[in-house]
Each structure stands twice: as C-alpha cells, then as structure tokens.
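The structure appears below as structure tokens.
What you see is a predicted model, and the numbers here were worked out from it, not measured in a lab. Numbering of ligands and ligand atoms starts at 1, following listing order.
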Amino acid sequence: MAILSIRIIGDPVLRTVAEEVKTFGPELAKLIDDMHQTMADVRGAGLAAPQIGVNKRIFTYSVDGYEGHVINPILVASDDLAPGEPEGCLSVPGLGFTVNRHRWVRITGVDKHGHPIDMEATGMLAKCFQHETDHLDGKLYVDRLEGDDRKEALRAIRMADYHDVTAETVAKRARTVGSAFGAGAAQ
Ligand code: ZN
C-alpha cells in the first residue's frame, strides 16, 4: 500500500467530472487500498479519487465506525436539510464552513468486486456521502457556500499559498481545523 499525495484546490482534476469505473481487478483493488491508507494517514472522514489525481468515480469513507468505499455512486436525497455543522476538505486545507446538506441519503453503487452497494445514511455519514459525490462531479464544498461565508472562503483561498503545501502540512492543517464532522476529520 502507498500513501498518495492529495491534490489541492486550483488543480484542474478537482474540477473535472470523474469517469465511471468499467474495469475491475487487482489495479482497482490496490487503488482503493491506497486511498484507505491515505485517508487514515491524514485522519480524513472521506477521500474521493480526484483528490489523489485519479479521474474515476470512486470514494472511500470512515465515519462514526462506518468504513468502506463506493464505486460509481448514485445518490438520492431527502428534501429536508440536516442541522448545519462545519465541514472541511482535505483539498481546501485549513478552512471549515457550514454547508447545507440533505438530512437523509440513499446511495447505490458497486464495490471493488462489482457487487452492488445499497445503503441509507443520516448524520455525518449522509453528509460525507454528499461531500464525496460532489467531488466526483467536480464540485467542492466551498461552491455550496452563500453570502458572507462564501466571500470569506474565497478570500481565504486567495490568501493561502497552497503552492508550497506538502502532504504533511496538509495533514497537520486538516487535523487542526477541527472542521469536518465533529471528530476533527476532513474530507
Ligand atoms: Zn473534500
């Protein structure tokens, strides 16, 4: 297994709609293992493949004791919203803002063996699934901010010198944000 470097906002891969996975096998399994290891290394709650520079519809998650991965996810969400909690992102290090998220989701997709996945989630796990699925559509959580939060986030992103950020400092910042999902994890 290997720890992969995390792409930071400004990298075009984060703005690209990821492609459906069609080939299953040992290479895909290794990628998912590496994503799990990378996510654990930075104590992330979730990691989408574009965040490590891979333009495929895959994400891993580790939230509230739930751990796993979803390939080619399709999300259906309730109309009502969850209570707001600050959210962070490994690709936008050092920031945390509250985003409106749906209270409940159902996610379907497949696992690395091509077996079907069908899960329902609320709470932090539901938020994580929404955040990670957004990544696969080239969206970042800061895109969903409005008003003063949006202005503040865009200013902070402009001010931040992300060019010199190493994987290690990303990890440290992600930890100190205390942003994502209560446990101080980022996605
Ligand atoms: Zn993220």
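Taking Asp80 as the reference, Ser78, Arg103 meet the side-chain hydrogen bond (donor to acceptor under 3.5 Å, both in side chains) condition, with sequence neighbours excluded.
For residues 105-114, the set of pairs meeting the side chain to side chain donor-acceptor pair (under 3.5 Å) definition, not counting sequence neighbours, comprises Arg106-Asp118.
When atom types are taken as modelled, the side chain of Asn72 and the backbone of Gly109 share no donor-acceptor pair closer than 3.5 angstrom.
Screening the protein for N, O or S atoms under 2.8 Å from the Zn ion (ligand 1) yields 4; no waters enter the count.
The existence of a salt bridge linking Lys56 and Glu20 is excluded, since no basic side-chain nitrogen approaches an acidic carboxylate oxygen closer than 4.0 Å.
Aromatic pair Phe129/Tyr61: centroids less than 6.0 angstrom apart.
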Under 3.5 Å, which donor-acceptor pairs link side chains of residues 143-151 to any protein atom two or more places apart or in another chain?
unit_1 : atom_1 : unit_2 : atom_2 : d
Asp143 : OD1    : Arg15  : NH2    : 3.1
Asp143 : OD2    : Arg15  : NH1    : 2.7
Asp143 : OD2    : Leu140 : N      : 2.9
Arg144 : NE     : Asp134 : OD2    : 2.6
Arg144 : NH2    : Asp134 : OD1    : 3.0
Arg144 : NH2    : Asp134 : OD2    : 3.4
Arg150 : NH1    : Val142 : O      : 3.3
Arg150 : NH1    : Asp143 : O      : 3.2

